[in-house]
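Worksheet for the structure shown next.
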Amino acid sequence: MRFTNAQMNDVLVWHQDNDTSNEEAAVYFLTSYPDVWSQWLSDEARAKLAALL
């Protein structure tokens, strides 16, 4: 699994600026960067997660 420092920085800044939980920051990452995380999953897992989001 890989993501850029800029992507991580974006999530951390959003997390701090919005005073969110770690779980909310994870959801922010998932909804903001589907092109990144979708590469980490099988087709079936990707479809299931995308349906939840």
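Since we're looking at a predicted model, the values are computed, not measured.
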| field | Minimal non-hydrogen separation, Val36 against Gln7, with atom names | value | CG2-NE2, 3.3 Å
| query | Got a donor-acceptor contact below 3.5 angstrom from the Thr31 side chain to the Tyr28 backbone? | reply | yes
| task | Over 60° means perpendicular and under 30° means parallel, so classify the ring planes of Trp40 and Phe3, tilted if in between. | result | tilted
| Is Leu12 reachable from Met1 through a run of I, L, V, M, F, W or Y residues, each pair having side-chain heavy atoms under 4.5 Å apart? | yes
| message | As an exercise, state the distance from CG of Asp43 to CG of Leu41, rounded to the nearest 0.5 Å. | response | 9.5 Å
| said: Is there a path of hydrophobic side-chain contacts, each under 4.5 Å between heavy atoms of I/L/V/M/F/W/Y residues, joining Val27 to Met8? | reply: no
| said: To the closest 0.5 Å, what do you measure between OG (Ser32) and CH2 (Trp14)? | reply: 8.0 Å
| Rounded distance [0.5 Å steps], CD in Gln39 versus CZ in Arg46 | 8.5 Å
| Is the number of heavy atoms from other residues, nucleotides or ligands within 6.0 Å of CG (Asp17) greater than 12? | yes
| Co-membership, hydrophobic cluster, residues Leu53 and Val11, 4.5 Å side-chain | yes
| request: Considering non-hydrogen atoms only, spot the tightest contact between Ala25 and His15 and give its length. | output: CB-ND1, 3.7 Å
| After noting the C-alpha distance and the side-chain angles of Asn18 and Glu24, does the key distance pass the side chain to side chain contact (heavy atoms under 4.5 Å, CB included) rule? | CA-CA 10 Å; Asn18 293 284; Glu24 290 168 312; over 6 Å; no
